[in-house]
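Single-structure report; data block below.
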Protein chains: 2
Amino acid sequence: MNAPLSERRQAQLAALTDAAERRIAEGGMASLKARDLAADIGIALGGLYNIVTDLDELALRVSSRTLGRLGEALTAASDALPLESKADAVNRLVAIAHAYLHFAKGNLRLWRTLFELRLAEGTALPAWAADDQLRLFRHVAEPLTLLVPDMDEAQQTLAARTLFAAVHGIVTLGLEERLVAVPLTALEAQIEWLVRAACRGLGE
Amino acid sequence: MNAPLSERRQAQLAALTDAAERRIAEGGMASLKARDLAADIGIALGGLYNIVTDLDELALRVSSRTLGRLGEALTAASDALPLESKADAVNRLVAIAHAYLHFAKGNLRLWRTLFELRLAEGTALPAWAADDQLRLFRHVAEPLTLLVPDMDEAQQTLAARTLFAAVHGIVTLGLEERLVAVPLTALEAQIEWLVRAACRGLGE
DNA sequence: GCGGAAGAATGAACATTGTTCAAGACTGAA
DNA sequence: TTCAGTCTTGAACAATGTTCATTCTTCCGC
């Protein structure tokens with residue numbers, strides 16, 4: 001209780017973010033309630049707004065953490081494979097896509113929250129949040145530079161985004177349980193097919 | 001909801017759905033407010049709940065309309081091309097994907113609403129809504145049967161879903177304005193590349 | 001140490017929503 | 001006309017995010 005205020009604030013922010021993360025993991029973004037969170041960390045309702053300006057900011061902070069963990073997962077998948085030949089590059093892209101699928105399945109609610117963020121119309125998302133996103137694309141872009149070294153860089157970036165988006169779409173639809181459930185291994189196979197086909201299509 | 005409705009009720013329901021569609025097209029699902037809608041069609045607040053059980057039901061009805069119009073757009077794109085050779089099949093798939101992109105861009109808020117529907121946990125979506133979705137997949141499945149006639153039907157269905165999902169992902173990310181904007185023609189080119197590559201990958 | 005300014009904590013109050021409900025108004029058959 | 005059933009109404013309720021005056025703490029210059 002008598003730690004210096006600045007430290008205390010940091011600790012509160014961390015505790016608040018923890019609580020928010022737990023609540024979202026438990027019940028999705030819809031269960032991010034100001035009163036619940038205040039109770040979780042033992043402060044009065046109004047105190048929330050000394051730590052954070054918005055519940056939206058809080059959701060953004062949780063999303064940043066999730067993106068960080070996702071990045072680590074993709075890094076781990078990448079580092080497990082060599083990257084020397086073009087075949088390596090394709091294999092690595094497949095591994096990244098599979099890692100993405102498994103992360104999404106294993107962190108379903110937190111992962112979904114990444115895309116449910118609705119910032120107030122007109123407010124751009126903070127730089128640190130945008131950075132997190134770019135870091136993700138770079139995981140895909142790196143093998144691509146080896147795969148198609150002659151392609152101009154803007155085109156490579158665009159291709160990385162497209163590939164990422166395609167895989168993301170497959171994962172999203174595949175984990176949507178209000179449609180027919182697709183077995184995980186079938187999803188993996190579909191992703192692998194698409195990534196390999198897309199890579200082959202890049203060559204020409 | 002399935003008892004025979006009086007004519008007045010039908011008219012009210014239509015007017016209400018119109019109003020909801022207008023509001024969503026204008027400001028997204030967040031601007032579907034009970035009081036606004038009641039005012040729009042000139043009834044008291046409570047009267048809404050004689051016409052519709054929920055605002056969610058209303059959003060679902062608007063989504064059904066949107067899916068219907070989307071289906072028509074895909075049909076129009078399909079019918080404009082012959083379907084005899086395998087090359088025709090690929091061209092048609094590309095045309096469908098492009099039509100999807102243009103529909104999404106031209107009906108951005110209504111299209112996004114399709115995926116923002118959050119039915120109360122545990123309630124399945126009504127059969128008529130599920131049917132609309134299946135009809136969409138069939139647009140993709142039809143050319144696929146010509147393209148890979150030897151493939152077993154379950155596999156064809158799965159491939160259709162995957163292709164649809166991949167294109168959907170590209171469109172979603174491409175129309176997300178809080179990232180770098182991608183010119184429409186670049187988006188078209190990316191989609192065409194991916195669809196053609198995926199089709200070639202199917203053959204082997 | 002101390003005293004006052006700056007900042008933080010509190011919880012009541014406000015604003016905005018979706019939804020319900022008792023009471024009145026209406027409609028159509030007898 | 002009368003009356004039972006139905007529709008409509010708008011006030012009330014509940015849940016929620018956010019603000020604010022008041023009270024309490026903390027920190028820094030003396």
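Lettering follows sequence order; numbering is per chain, from 1.
- Distance from the side chain of B:Ala34 is smallest for C:dT19 among the nucleotides D:dC7, D:dG17, C:dT19.
- Of the candidate nucleotides C:dA8, C:dT19, C:dT17, C:dT19 has the atom lying nearest to any side-chain atom of B:Asp54.
- Within the nucleic acid shown, B:Leu45 comes within 4.0 Å of at least one base atom, counting heavy atoms only.
- The nearest heavy atom of DNA chain D to A:Lys33 and to A:Gly46 marks one nucleotide each, and the one closer to the 5' end goes with A:Lys33.
- As a whole-Å value, the separation of A:Leu58 CG from D:dT16 P is 16 Å.
- B:Leu32 comes within contact range of the sugar-phosphate backbone alone, with a heavy-atom separation under 4.0 Å but no base atom that close.
- Look at A:Gln12 and you won't find any side-chain N or O under 4.0 angstrom from OP1 or OP2 of C:dA8.
- For the pair A:Leu13 CG and C:dA8 P, the computed distance is 13 Å after rounding to whole Å.
- Each of C:dT19, C:dT10, D:dC7 was ranked by its minimum atom distance to the side chain of A:Ile43; first place goes to C:dT10.
- Residue B:Asn50 has its side chain nearest to D:dT8 when only C:dT10, C:dG18, D:dT8 are considered.
- A:Gln156 places a side-chain N or O within 3.5 Å of a backbone atom of A:Val148 that can act as its donor or acceptor partner.
- Per the geometry, CG belonging to B:Leu48 stands 11 Å off P belonging to D:dT8, to the nearest Å.
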